[in-house]
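First up is the structure itself, then whatever we jot down about it.
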Amino acid sequence: MYARLLAAGLLTLGVVACADPNDGRPGNPPGTAAERAIDRAAGTNTSGAYPRQSDGMPGNPPGTAAERALDRAAGTNTSGAYPSQSDGTPANPRGTAAGRALGTTTR
């Protein structure tokens, strides 16, 4: 048991030793340069340097960009960004478009 605790402590110490004490200071925002580059390209906030790009913010609604693109194309609300397109709303009645066209959707 003590060996596991010692190993876990040494592992934690190694991770802490690798942490950059300058993260978050004016010349060095949170995260690594690679994480910030991904955030800029993908519009995410993985690094913590771009809080305005977090999910649910005006610049980045819920879901991923791919989910929102699917929702726009299919008229669905998989991402949660388009609640007016949820099943059962006037913009998207119950069932699928194919089911409604075939008359197999129950009302």
Query raised in the report: Residues two or more places apart in sequence or in another chain: which of them pass side-chain contact (heavy atoms from CB on, under 4.5 Å) with I38?
Result: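 I38: no side-chain contact (heavy atoms from CB on, under 4.5 Å) contacts found.
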Identify the two heavy atoms, one from [X] and one from [Y], that lie closest to each other, and give their separation to 0.1 Å.
X: T44; Y: D39; result: OG1-OD1, 2.7 Å
X: Y82; Y: R68; result: CE1-O, 3.8 Å
X: G80; Y: D71; result: N-OD2, 4.2 Å
X: S79; Y: A81; result: OG-N, 3.1 Å

Query raised in the report: Taking atom CD of E67 and atom CG of N77, what is their separation to the nearest 0.5 Å?
Result: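 Rounded to the nearest 0.5 Å, the CD-CG separation comes to 10.0 Å.
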Query raised in the report: Between R36 (side chain) and G31 (backbone), is there a donor-acceptor pair under 3.5 Å?
Result: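 Yes; judged by distance alone, with no hydrogens or angles, the pair exists.
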